[in-house]
Structure formats: structure tokens, C-alpha cells
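Below is one structure, written out as C-alpha cells; comments come after it.
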Amino acid sequence: MRRAGAFLLGLLFMASFPVAMPALADTPLDLRGRMEQGGLVVGQAAPGAKATLDGMALDVDEAGTFAFGFDRDHGAQAKLNVTYADGSTVERLLAVKAREWQIQRVEGVPQKFVSPPPEAMAQIARSTALKDEARKTRAAGTDFTGEFIWPATGPISGVFGSQRYYNGEPRRPHYGVDVAAPTGTPIRAPAAGIVTLASEEMYFEGGLIFLDHGQGVTSLMMHMSRIDVKAGQRVAQGDVLGAVGGTGRATGPHLHWGLYWRGAWLDPQLLVGPMEEAIAASGGN
Ligand SMILES: [Zn+2]
């Protein structure tokens with residue numbers, strides 16, 4: 001009788017605290033993406049979860065979806081902590097693979113873009129202020145979870161992470177992928193998102209767009225000859241954002257596609273398939 005009593009008491013306890021019971025095992029955590037320098041990772045926990053990466057609070061949506069990324073120079077390890085709605089926690093140590101970077105020498109750059117003259121400082125300051133303002137907010141939504149497409153097709157003329165020398169002078173690494181294409185070639189949204197900056201007058205970038213795919217995972221399109229969208233506008237994947245050009249610090253018409261997440265520069269090429277396939281799919285152009 002004693003045992004039966006204890007069993008019944010146990011049942012009662014379970015019935016009174018139904019939420020407390022699943023806590024023991026119900027801590028789902030799925031991570032997909034590239035655990036390497038320049039890689040974007042998409043995480044899926046559970047509704048109501050919170051997460052931090054190396055102590056920094058991540059944006060996690062109601063469904064428990066979140067993004068994070070690893071800068072070009074990220075160290076070998078990162079620590080992800082997830083706290084679930086019931087208070088249970090999971091800690092994961094992530095191994096971040098190191099990559100090797102190319103050296104690229106770019107010659108024939110107009111000297112005003114290598115060592116800007118004093119009269120350029122006002123325009124550079126305006127450009128910086130616009131970018132800083134756009135980076136202050138992060139869009140809601142999780143458009144970064146889907147497949148990305150190449151925003152334009154053509155020969156890849158510059159890869160992410162390479163150490164760059166302009167006219168022989170070392171400058172910061174190349175934070176993006178370059179696609180050579182004629183001026184006027186349409187640039188399409190690689191994924192849906194909100195345009196957070198659209199300006200034709202940036203000193204180094206020329207015509208520049210920021211497209212936030214959610215939680216600050218943001219595409220940058222540079223050197224554009226034409227911009228067809230406005231800041232605040234929502235675009236779908238494949239929508240035309242504008243056209244390829246050679247404005248700003250460029251030696252010829254090409255698209256520079258950059259990607260950043262909360263201060264970390266990521267490699268957009270890791271998100272898309274081989275260029276040859278994209279060219280074949282577009283009918284050989
Ligand atoms: Zn570039």
C-alpha cells in the first residue's frame with residue numbers, strides 16, 4: 001500500500017507541475033552552417049530560448065531561431081550558451097576552423113583612393129556617418145535561414161579575406177567577393193531582407209546598399225552604377241536592387257558583395273553554390 005501511495009503521490013506531483021517535467025531532456029539545439037573563419041551559423045533552439053556567444057547576447061526570435069558568425073580573424077574556439085524557457089541551460093564549445101588567405105595586388109587604382117586627399121575627408125566622414133547610423137539597428141525576421149543566391153554572375157575576380165595591396169601599399173583585407181560583370185548588369189537580392197542604406201555617394205564604395213537579412217546578417221553591394229531601392233524598403237530574394245558599376249575605389253566594373261554580422265566580416269561565398277552552376281542556370285550569361 002505504501003508504494004502505491006507514493007506512486008499516486010508522484011502522479012499527483014506530475015499533474016501539478018506539468019511544465020517542470022520535460023525540462024530534464026527537452027533542450028533541442030541544432031546548428032548548421034560553417035564553423036570556420038568567415039562562416040555564418042544558423043541556430044535553432046526552442047521557443048522562449050535565449051543565447052549568448054562568448055558572452056554577447058544574441059537576437060533569438062520567438063521560435064528560437066538565431067544567427068551568429070565568425071570574423072576573418074576569429075580565434076580557434078567560441079562558446080555558445082543557450083538558456084531555455086524553463087531555465088535549463090546548454091553550453092557548447094565550438095571549434096572554429098582557421099583558413100589561409102591569399103595576397104592580392106591591385107594596380108592602377110586612382111591614387112585619391114589609396115591615399116585620400118584632404119578635400120576628400122568631408123565626404124569620407126559623411127560616408128562613415130551613414131554607415132554607422134545604418135549599423136545601429138538590426139532588422140527583425142530570419143531571412144538568413146534560407147538558401148542564398150548569387151546577386152550577379154560572372155568571373156570571380158576577388159575572394160574574401162585576401163590581404164590587399166593597392167598600388168603596392170598594404171591596406172585592409174578584402175572583406176567580400178568580387179564578381180566581374182559589365183556596367184548595367186542587374187544586381188539581385190541574394191536573400192530577402194530590409195534595405196538599411198542606399199547611397200550613390202560613398203567615397204570608397206561608390207553606390208552602396210546594405211540589405212539586412214535579419215538579426216544584423218547584412219549584405220553589402222558596392223560600386224553600383226544605379227540604385228533602384230530605398231532605405232526602409234523590404235525586398236524579396238531575386239528582386240533587382242540596382243546595377244553593377246565601377247564607382248568608388250574600383251579599377252573596372254564589378255560587383256563587390258560583402259557580408260557582415262554585428263561587426264564580424266563574413267564570407268558570402270560560403271553561402272552560395274559554385275559560380276559555374278549559377279552561370280549555367282542563368283543561361284550562360
Ligand atoms: Zn571587392
Side-chain angles (χ1 to χ4, degrees), residues 26-54 56-72 74 78-85 90 92 94-97 134-135 137-152 160 175-177 187-197 209-221 229 232-241 257-275 277-278 281:
D26 193 17
T27 53
L29 179 58
D30 176 53
L31 301 175
R32 62 184 174 84
R34 306 283 283 253
M35 300 284 176
E36 61 183 88
Q37 291 174 333
L40 174 72
V41 178
V42 176
Q44 182 63 51
K50 291 184 166 63
T52 63
L53 185 78
D54 293 326
M56 178 173 79
L58 303 179
D59 299 336
V60 184
D61 80 348
E62 320 79 63
T65 309
F66 56 96
F68 58 88
F70 302 116
D71 194 75
R72 175 191 189 270
H74 198 286
K79 190 164 74 177
L80 176 69
N81 289 83
V82 178
T83 304
Y84 295 85
V90 165
R92 285 260 187 104
L94 309 173
V96 182
K97 201 179 110 203
R135 282 183 180 134
T137 52
R138 298 192 294 274
T142 53
D143 291 311
F144 54 81
T145 59
E147 295 280 304
F148 280 61
I149 58 170
W150 281 102
F160 176 85
Y175 289 121
V177 57
I187 297 172
R188 297 179 185 280
I194 306 267
V195 178
T196 52
L197 185 154
I209 279 179
F210 283 7
L211 179 60
D212 190 334
H213 306 296
Q215 301 187 4
V217 177
T218 302
S219 281
L220 286 78
M221 305 294 168
V229 291
Q233 190 176 335
R234 180 164 179 82
V235 299
Q237 184 178 52
D239 281 358
V240 174
L241 304 172
W257 176 25
L259 189 75
Y260 77 79
W261 169 78
R262 297 181 66 172
W265 288 104
L266 310 180
D267 183 356
Q269 201 173 347
L270 296 178
L271 299 179
V272 287
M275 176 59 88
E277 285 177 19

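Please read these numbers as outputs of a predicted model, since none were measured by experiment.
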Minimum heavy-atom distance between [X] and [Y], given as atom pair plus value:
X    : Y    : answer
V240 : R188 : CG2-NH1, 3.4 Å
T145 : R32  : O-NH2, 2.8 Å
A57  : T52  : CA-CG2, 4.0 Å
A152 : M275 : O-CE, 3.7 Å
G38  : L270 : O-CD1, 3.6 Å
A78  : L53  : CB-CD1, 4.2 Å

Quiz prompt | Results of ring pair (Phe, Tyr, Trp, His ring centres under 6.0 Å) for F160 - residues two or more places apart only | solution = W101
Exercise. List the steps, then state whether side chain to side chain contact (heavy atoms under 4.5 Å, CB included) holds for F70 with M35.
Key: CA-CA 8 Å; F70 302 116; M35 300 284 176; 4.0 Å; yes
How long is the gap from [atom1] on [X] to [atom2] on [Y], to the nearest 0.5 Å?
X    : Y    : atom1 : atom2 : answer
E147 : L271 : CD    : CG    : 9.5 Å
N81  : L58  : CG    : CG    : 10.0 Å
L29  : F66  : CG    : CZ    : 5.5 Å
Q37  : K97  : CD    : NZ    : 10.0 Å
W150 : Q269 : CH2   : CD    : 4.0 Å

Ignoring hydrogens and angles, write down the donor-acceptor pairs under 3.5 Å from the side chains of residues 40-48, residues two or more places apart or on other chains.
residue: Q44; atom: OE1; partner: T65; partner atom: OG1; Å: 2.6
residue: Q44; atom: NE2; partner: A63; partner atom: O; Å: 2.9

Quiz item: How about L31 and L94: do any of their side-chain heavy atoms sit closer than 4.5 Å?
Solution: yes
Exercise. Could you check if a side-chain atom of L259 sits within less than 4.5 angstrom of a side-chain atom of V217, using non-hydrogen atoms only?
Key: yes
Quiz prompt | Partners passing side-chain hydrogen bond (donor to acceptor under 3.5 Å, both in side chains) against R234 (at least two apart in sequence or in another chain) | solution = D143
Quiz item: What residues, two or more places apart in sequence or in another chain, satisfy side-chain hydrogen bond (donor to acceptor under 3.5 Å, both in side chains) together with R135?
Solution: Y260
Quiz item: For the side chain to side chain contact (heavy atoms under 4.5 Å, CB included) test, which of F144, F210, W257 pairs with S219?
Solution: W257
Give a yes or no answer on whether the side chain of [X] reaches the backbone of [Y] with a donor-acceptor pair at less than 3.5 Å.
X    : Y    : value
D71  : W265 : yes
Q237 : P190 : yes
H213 : A192 : yes

Practice problem: Using side-chain contact (heavy atoms from CB on, under 4.5 Å) as the criterion, list what pairs up with D212, not counting sequence neighbours. | Solution: R138, A139, T196, T218
Self-check item: Pairs involving residues 36-54, ordered by first then second residue, that meet salt bridge (Lys or Arg N to Asp or Glu O under 4.0 Å) (sequence neighbours left out)
Solution: R34-E36, E36-R99
